[in-house]
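Here's the structure, in structure tokens; my notes come after.
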2 protein chains.
Amino acid sequence: MAHCTPAQTAVLKALQQQPEPISAQALYTLIKAHQRIGLATVYRALDALKRMGRVQHRVTLAGETLYNAVEQDRHYMTCLDCGQSFPLDTCPLKGLASAHQHAGSFTIYYHTLEFFGLCEPCSVTHPHHNRYEAAQN
Amino acid sequence: MAHCTPAQTAVLKALQQQPEPISAQALYTLIKAHQRIGLATVYRALDALKRMGRVQHRVTLAGETLYNAVEQDRHYMTCLDCGQSFPLDTCPLKGLASAHQHAGSFTIYYHTLEFFGLCEPCSVTHPHHNRYEAAQN
DNA sequence: CCAAAAATGATAATCATTATCATATACTTT
DNA sequence: AAAGTATATGATAATGATTATCATTTTTGG
């Protein structure tokens, strides 16, 4: 197997058209509206595309797995309190050459990067001081 | 609820002693050997600690969820072919001030960062050229 | 100390994901 | 082009990490 199957192509193209990361189930529903495809096939295609370095996944704080095409290099700041993810304007690794091709003997296709903390509204409700040190005990 | 419960403390301390990220199930087995604790409690403690910013999770390519204490700021390069994760020596965001405290109005507690690609042995078996462009079709 | 609230442990339930298997499709050989 | 072989697919059953449930225990606050 050295090329993309029709199903994998359909999955990749659908992902490339998504404005936001999407779940496997939602992707299945989306594609199924236009062509015959099985849920298992969507999962298999996603897995294959992941291993090809074309698709990446991110698991949210709530445990949901979301997929996106790797060329959509998007990063988020996720609030630990309300769970909202705020997209960053640019990739923080922009200036880091090693992030984009090689690190030592390792060939890099893509990276994942996310920040976790408190958004402004939540840090007012739950001041940094109390929360962080409370967990220290 | 403004402080750490005994179970949460046990979970956090166990995590802080782990040389590597660990699964919830393995953590449960580990702690249970020393004290009475339920599996559901381990999961609840992990979730609470995650929301407190003390614990983070990472989901491997194989779908396994691993947890670590956030002070163990470790990053990996993961091979898409063999699935092996190679730890980085230092945090690539070391020089990025915004990564460690504030980004705009967002208070940052921790970040996750991982690179995906091919390790040297696998890139010999599966040259970059063929794999990447084959998926372009 | 006591009532109320929160956390716990055992275990059943959930559901995203994967395994199974018959069939379809793609690839290779004749 | 046909036949043989290999791979992928779709429907659906199975899986297992994780969460819900509930009686009980522990913690909190007055």
Side-chain angles (χ1 to χ4, degrees), chain A residues 1-15 21-52 54-68 81 83 126 130-131 134-135 137, chain B residues 1-15 21-52 54-68 81 83 126 130-131 134-135 137:
Chain A
M1 210 297 287
H3 75 297
C4 241
T5 68
Q8 288 161 8
T9 301
V11 164
L12 183 58
K13 283 185 158 58
L15 276 181
I22 187 172
S23 70
Q25 302 277 357
L27 190 58
Y28 164 67
T29 302
L30 193 77
I31 297 169
K32 193 173 170 57
H34 299 111
Q35 73 177 72
R36 185 163 186 252
I37 195 165
L39 177 59
T41 301
V42 170
Y43 277 107
R44 279 187 293 237
L46 284 169
D47 188 63
L49 289 166
K50 245 196 312 191
R51 291 175 190 283
M52 288 179 206
R54 297 305 313 270
V55 162
Q56 66 186 70
H57 76 271
R58 168 181 159 242
V59 179
T60 69
L61 268 183
E64 190 180 31
T65 304
L66 302 177
Y67 298 85
N68 63 278
D81 201 49
H126 300 284
N130 290 344
R131 175 187 283 260
N137 249 317
Chain B
M1 209 298 284
H3 75 298
C4 241
T5 68
Q8 287 163 9
T9 301
V11 164
L12 183 58
K13 283 187 159 58
L15 275 181
I22 187 173
S23 70
Q25 302 276 355
L27 190 57
Y28 164 66
T29 303
L30 194 76
I31 297 170
K32 191 173 174 57
H34 299 109
Q35 72 177 74
R36 188 164 183 249
I37 194 165
L39 177 58
T41 301
V42 171
Y43 277 107
R44 278 186 293 236
L46 285 169
D47 189 63
L49 289 165
K50 246 194 314 185
R51 292 176 187 280
M52 287 179 206
R54 297 306 312 272
V55 163
Q56 66 185 70
H57 77 272
R58 164 181 162 244
V59 180
T60 68
L61 267 184
E64 189 180 29
T65 304
L66 303 177
Y67 297 85
N68 64 279
D81 201 48
H126 300 283
N130 289 344
R131 173 188 283 260
N137 250 318

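Chain naming here is simple, since letters A, B, ... match the order of the sequence lines and numbering starts at 1 in each. Just so it is clear, the values below take in all heavy atoms, side chains as well, and ignore hydrogens, waters and symmetry mates.
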If you take all heavy atoms of [X] and [Y], which pair is closest and at what distance?
{"X": "A:A10", "Y": "A:I31", "answer": "O-CD1, 4.2 Å"}
{"X": "B:A24", "Y": "B:Y43", "answer": "CB-CE2, 3.4 Å"}
{"X": "A:L12", "Y": "A:R54", "answer": "CD2-NH1, 3.8 Å"}
{"X": "B:K50", "Y": "B:Q56", "answer": "CG-CA, 4.4 Å"}

Rounded to whole angstroms, how far apart are [atom1] on [X] and [atom2] on [N]?
{"X": "A:I31", "N": "D:dG10", "atom1": "CD1", "atom2": "C1'", "result": "14 Å"}
{"X": "A:E64", "N": "D:dT18", "atom1": "CD", "atom2": "P", "result": "16 Å"}
{"X": "A:H57", "N": "C:dA16", "atom1": "NE2", "atom2": "P", "result": "16 Å"}
{"X": "A:Q35", "N": "D:dA8", "atom1": "CD", "atom2": "P", "result": "17 Å"}
{"X": "B:Y28", "N": "C:dT11", "atom1": "OH", "atom2": "P", "result": "10 Å"}
{"X": "A:L46", "N": "D:dT9", "atom1": "CG", "atom2": "C1'", "result": "15 Å"}
{"X": "A:I37", "N": "D:dT9", "atom1": "CD1", "atom2": "P", "result": "8 Å"}
{"X": "A:Q8", "N": "D:dA8", "atom1": "CD", "atom2": "P", "result": "7 Å"}

Subject >> Verdict with supporting geometry, B:L39 and B:Q25, side chain to side chain contact (heavy atoms under 4.5 Å, CB included) >> reply: CA-CA 8 Å; B:L39 177 58; B:Q25 302 276 355; 4.0 Å; yes
**OP:** Using side-chain contact (heavy atoms from CB on, under 4.5 Å) as the criterion, point out the one residue from B:V11, B:L15, B:N68 that pairs with B:V55.
**Re:**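 With B:V55 as partner, B:V11, B:L15, B:N68 yield a single side-chain contact (heavy atoms from CB on, under 4.5 Å), made by B:L15.
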Subject >> N/O (side chain, A:T5) to phosphate O (OP1/OP2, D:dT9) under 4.0 Å >> reply: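 Result: yes.
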**OP:** Classify every nucleotide of nucleotides 17-23 of chain C by which part a protein heavy atom approaches to under 4.0 Å, writing B for the base, S for the sugar-phosphate alone and - for neither, in 5'-to-3' order.
**Re:** BBBB---
